[in-house]
Every structure is written in C-alpha cells, then in structure tokens.
Asks: 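Next up is a structure, given as structure tokens.
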Amino acid sequence: MPYSDNIIQYPRFPSNLIHIAILIAGLAGFTLGAHIAFLVGFDYSLGKGYFAYIQSHGHIQLIGWVGLFIMGVSLYFMPRLAHFKIDLTRRVKYLSFYITFGIILKYIFHSALPYYTDAYWASTISFMTLLSALSILIGIGIYLSIILRIAIAMKNQKNNPNRDIRIFFLLMIFGWVLYGVSQFILSVILYTNNQTILLPNWNLFMVEIFIYLIILPISFGIGLRAIPLFMRLPSIQWNALYFSKIYFGTLVSYFGIKLIYQIIDDGYKLLPYLNTVGLLKNILIIWFVYQLDILLKLRVPWTDTQKNKWIPHKKESRKEYPDYGEFGRFEWLLKSAFSWLVFASLLDGYLYFALLMDIPTELSKDGIRHAILLGFTTPLIMGMALRMIPGMTGALRLKHPYLVSWIAILVNIAAFTRVFPMILPSFILENTPKGYENIMFLFGISGIVGVLAIWLFYFAMRPVLKGNRLHLPKSL
C-alpha cells in the first residue's frame, strides 16, 4: 500500500540512519581503531593522544555504528510489533542530526584534546567535547521519546509468553538512559577538572552497560522473532518471558553490586557476590544461544511443523534456508556472530570462576570485550542487515550477493587477529618461535582488515538503502 501524506501509517524504514552508521564506522570508528592497532602492533610511538583515541574509538563505535543501527531497525520493527502507527519523519531527521553532530565533535575534539596544553585552547576543545556528549544525549532523548510511546502500546502476551519480548526492550531503554546520561556527566567532569580523558573505570563500566543492557537485549528480542524465520530454526517453544525476567534480575544484581563495589572503600568485600552473579550472567547467555539452536541445529525447524503441502512446481529454496541465494551467505555472519558470543561468554565465565576460586589467570577483559563487540556484534549487524533490510526498503534482494561471503571472511579475520593477541597466555607465546613478534603483527593488521570489511559491507548495502527494487540475478 503506498504511503500517504494525510494518513498516519507504519513508519518507513529510516535508511538514512543506516547509511550514516556505515559511513561513521568506515570514516571514523574502524579507521581510528585501525590506527591504534597499527601503532601498537608495529611498535610505533603511541603519543599523547593514545588513551583519548581509545575512548573516542569506543564511543564512536558504540553510538555511531552499533547505536544508529539499533535505532534504525527498532524504529521500523517495534511499531509493527506493537501495531502502532506513527509518523517519524521529522523526529528521525532531528535524531540523526544530533547524533551525527555529536559524533563529529567527539572525533575531532576529544582526539585532539591531549595535544593542547594552552589554557585557552584546552578549555575550548574540552568544551566542544562536552558539547558532543550533550548533542548525543539529545539525540538519545529523541529516540527514547519515540520508543517509550511504542513500548507503552505493546500488548501483554499472557497467552503466548514464548513471544513476549517486552522486558528486553525495557532493558534496552534503561541502558540508553544510563549510558547517555553517564557519558554527559563524565564529560562535565572532564571539562571542569581539565582532564584529557574520561574517568577510565567509570567509562569502562558504562561500556559494559551498553553491551549487556542495550546490545544483548535487542539482539535477544529481535533475534527471537526474526532469526528462526531466516535460518529455519526451531520455533520458540520455551518461555521467553520467564527467561527475560531472570536475565533482567541478574543484570540488575550484577550492575548494582558492581556500582557499590566501585563507590565504597571496602568494596572488595562484595567481590565474591560480583563474581558469582557475573558467572551466572554468562551461563544465561550461553543457555539462550543453545535454546535458539542456531549453531548446532539439534531440533527440527519450524517449517517441519507447517501444514501447508510442498508445491511441486514451486522453485526450490536453498537447502536448510527459506531463500534462493538472493541475500548471499548471510548465515556465515550470523553463525559466526553467535559462535563468538559463546566463546566470549565462556572466557568471561571462566574469568569470574577463576576470581571466585582464587585461580591465577591472565585473561584480559579487553580481549573479551572485543570478542563481543567485534566478534559478535559486528557480524550480527551485518548479517541481519543484509538479510532484513532489503525487504524493509523494498529492494527485496542484494545487488551483489556474492560479496557477503567475503564480508564474513574479512570481519572474522579482523576479529580473530584483534582478539587472540589479547587472550593468548604468555607461556604459549614464550614457547613459540617469534611468538610475540608474530602475534603483534596480527594485531597490527587487524584494524586494516576491519576497514576493508566495513567498506565492502557499504558497497553491498548502498544499492539496498536507495530503496529501488533490485532484479534477481540470472544465476540464482
């Protein structure tokens, strides 16, 4: 049905948000990360801006790359889920302006701040960094004002708890509020105290908030509804509402204990409780992936329970998938994403177990964090975008489906070469010829491979985002 200017309908897909997200990632987020990795991997001088670069890179990736993708997909997906018609055209324009403006300020001024020691210039640049946080906070506020209206309209599915994902969206809303407000507060502290970086411990705390209260809940929520359809997985026969309540309670306990641990002087007394809840958090994540059955495919797919008979003259779809190859091998991205999530959760779970039992370990939280953000989140975004967005924009298929395999290979090479140098035990490197030299080489090239992956992804997505229907290649 065509859109009308006079009748409020479901919102169009906000392609501009996705377009901006990929460009931010390609021009700022991934490239800044590649610069940092190259300096470290090939033993160049890190310079005054090293820690500011790290924080800018992380914030740009979370808000500009992951955040804008979450916003774009949820603003299309949630109104339809709630049967809520709304006109978002103007608000999406304001949202994209404030987020993009804030990201540009962050990229330019926070990265430059350590190099200016003159009081006037340092104060001016620091203020622009604060303005960046304020602009992003306004953008987040606009987004949440929309999402809250839609969330309120979502119906209680008492008769079908297997499909009730409201708590996941509630967690996401909490996460956005906490992250946006805290980044603004940390930027105020940076400005008033003449600092060059945000308070490190609190900044990392908020990165963890973003991962476990925003990325994972929205991945679980949309994943429960969409991934079984795209991958011919089993239908959801377990109580998703009950699981979401347990996850909610676990995360509230985890971050509540961690918050008190960071505030009070004798917070170390809470470490046994923090490590126990941290271990439980990872068990829940692994259990979710097992129940989704995306990796092992142990149970029959939802199509086997359908009553419709097979039509002999109908064109055969790909084996085990309900498409004809018009989206490429998107499943490589989705399967690898959840493999990385299980891997990261196993490592993180072992880390908390080791701390609980006083077992010595060299495991790096930084490595685990990159396994989730680069190994899980980036392939998941790419795989879901390549499979979902063609239908949302009206393109219906990819123009170059063969590129998807290369995107999957490159992004997984980038994740491997970034994560494993951070987590390999020292005794392995010490007993391997040129162990440290070779591993640092891999770390140094990881960012370059990531940049190649994101630009190849942009090349694959650009025709889709234009919204014109694409014809099916003759080879499919």
Side-chain angles (χ1 to χ4, degrees), residues 18 66-67 69-78 80-82 147 151 154 157 160-173 175 210-248 250-251 281-299 301-303 320-323 327 330-345 371-373 375-389 391-392 408:
I18 307 303
V66 180
F69 247 99
I70 290 174
M71 290 177 179
V73 172
S74 61
L75 288 175
Y76 180 89
F77 184 80
M78 285 187 66
R80 287 159 174 80
L81 192 65
I147 290 298
M154 292 181 75
Q157 299 197 33
N160 197 358
N162 300 354
R163 295 174 60 82
D164 197 329
I165 56 176
R166 291 173 301 153
I167 289 179
F168 291 128
F169 289 116
L170 180 64
L171 271 173
M172 181 191 72
I173 291 169
F210 197 99
I211 291 171
Y212 291 103
L213 292 188
I214 299 177
I215 295 176
L216 288 184
I218 193 69
S219 301
F220 291 168
I222 294 181
L224 283 171
R225 290 297 186 93
I227 292 179
L229 297 176
F230 298 153
M231 301 281 289
R232 275 191 182 163
L233 302 180
S235 58
I236 305 302
Q237 299 296 330
W238 45 280
N239 195 316
L241 177 61
Y242 187 62
F243 171 81
S244 66
K245 290 179 179 178
I246 296 174
Y247 184 80
F248 181 93
T250 302
L251 267 291
K281 164 176 66 74
N282 288 287
I283 291 172
L284 287 173
I285 293 169
I286 294 170
W287 187 88
F288 174 87
V289 178
Y290 171 75
Q291 287 295 330
L292 193 61
D293 205 25
I294 188 171
L295 299 180
L296 301 177
K297 287 199 169 184
L298 298 175
R299 299 184 292 279
W302 64 270
T303 49
E320 297 186 1
Y321 300 100
D323 61 84
F327 307 107
F330 72 94
E331 72 274 10
W332 288 9
L333 286 158
L334 298 184
K335 285 186 175 182
S336 65
F338 282 96
S339 297
W340 277 106
L341 180 60
V342 170
F343 177 68
S345 298
I372 295 175
L373 292 173
F376 166 67
T377 307
T378 294
L380 180 68
I381 286 174
M382 291 176 168
M384 293 298 286
L386 291 162
R387 179 59 181 84
M388 288 176 63
I389 293 179
M392 294 175 172

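All values below come from the heavy atoms of this structure, side chains included, with hydrogens, waters and symmetry mates left out.
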Asks: Quick one, Leu284 and Phe288 - any side-chain contact, counting heavy atoms below 4.5 Å?
Replies: no

Asks: Starting from the C-alpha separation in whole Å, work towards a yes-or-no answer on side-chain contact (heavy atoms from CB on, under 4.5 Å) for Ile147 and Leu75.
Replies: CA-CA 7 Å; Ile147 290 298; Leu75 288 175; 4.1 Å; yes

Asks: Do Arg80 and Tyr76 meet the cation-pi criteria used here (NZ or CZ under 6.0 Å from the six-membered ring centre, within 45° of the axis)?
Replies: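 Arg80 over Tyr76 ring: yes.
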
Asks: Which pairs pass salt bridge (charged side-chain N to carboxylate O under 4.0 Å, His left out) with one or both residues in residues 283-297, sequence neighbours excluded?
Replies: Lys297-Glu320

Asks: Minimum heavy-atom separation for Pro322 to Phe230, with atom names?
Replies: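 In terms of heavy atoms, the two residues are closest at CD-O, 3.2 Å.
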
Asks: Are any of the side-chain heavy atoms of Met172 and Ile70 separated by less than 4.5 Å?
Replies: yes

Asks: Can you give me the closest heavy-atom contact between Ala151 and Ile173, atom names plus distance?
Replies: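 Between these two residues, the closest heavy atoms are CB-CD1, 4.3 Å.
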
Asks: Tell me, please, which residues at least two apart from Phe69 pass ring pair (Phe, Tyr, Trp, His ring centres under 6.0 Å).
Replies: Trp65

Asks: Leu292 and Pro228: which non-hydrogen atoms are nearest, and at how many Å?
Replies: CD1-CG, 4.3 Å

Asks: Report the residues that fulfil side-chain contact (heavy atoms from CB on, under 4.5 Å) with Trp287, sequence neighbours left out, ordered by chain and then residue number.
Replies: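 Result, side-chain contact (heavy atoms from CB on, under 4.5 Å) vs Trp287: Trp238, Phe243, Gln291.
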
Asks: Indicate yes or no: at least one non-hydrogen side-chain atom of Leu216 is less than 4.5 angstrom from one of Leu341.
Replies: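 The answer is yes, as the side chains (C-beta and beyond) meet within the 4.5 Å cut-off.
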
Asks: Side chains of Leu380 and Phe338: does their closest heavy-atom pair fall under 4.5 Å?
Replies: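 A side-chain contact under 4.5 Å exists here.
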
Asks: If the condition is side-chain contact (heavy atoms from CB on, under 4.5 Å), which residues does Ile167 pass it with, not counting sequence neighbours?
Replies: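 Partners of Ile167 under the side-chain contact (heavy atoms from CB on, under 4.5 Å) test: Leu241, Ser244, Lys245, Phe248.
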
Asks: Would you say the side chain of Ile227 lies within less than 4.5 Å of the side chain of Met384, judging by non-hydrogen atoms?
Replies: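 Yes, their side chains come closer than 4.5 Å.
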
Asks: A side-chain contact here means heavy atoms from C-beta on lying under 4.5 Å apart; do Phe327 and Met388 qualify?
Replies: no

Asks: Which pairs pass side-chain hydrogen bond (donor to acceptor under 3.5 Å, both in side chains) with one or both residues in residues 335-344, sequence neighbours excluded?
Replies: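 The answer is Tyr321-Lys335, Ser336-Asn412, Trp340-Asn412.
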
Asks: Measuring from Met231:CE to Leu334:CG, what's the distance to the nearest 0.5 Å?
Replies: 5.5 Å

Asks: Got a second to check how far Leu213's CG is from Phe168's CZ, nearest 0.5 Å?
Replies: 12.5 Å

Asks: Show the nearest heavy-atom pair for residues Gly383 and Phe330, with the distance to one decimal.
Replies: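 Taking every non-hydrogen atom into account, O-CB, 4.1 Å.
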
Asks: Is there a side-chain contact between Ile372 and Ser345 (heavy atoms, below 4.5 Å)?
Replies: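 Not touching, per the 4.5 Å side-chain cut-off.
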
Asks: Which value, rounded to the nearest 0.5 Å, describes the distance between Phe220 atom CZ and Leu224 atom CG?
Replies: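 That separation rounds to 8.5 Å.
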
Asks: Which residues pass the side-chain contact (heavy atoms from CB on, under 4.5 Å) test with Val342, sequence neighbours left out?
Replies: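 Once residues adjacent in sequence are excluded, the partners of Val342 under the side-chain contact (heavy atoms from CB on, under 4.5 Å) criterion are Val289, Leu295, Leu346.
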
Asks: So, do Ile215 and Leu373 sit near enough that their side-chain heavy atoms are less than 4.5 Å apart?
Replies: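 Yes, at least one pair of side-chain atoms sits under 4.5 Å.
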
Asks: If you look only at pairs with a residue in residues 210-221, which of them pass as a side-chain hydrogen bond (donor to acceptor under 3.5 Å, both in side chains), with sequence neighbours excluded?
Replies: Tyr212-Lys281

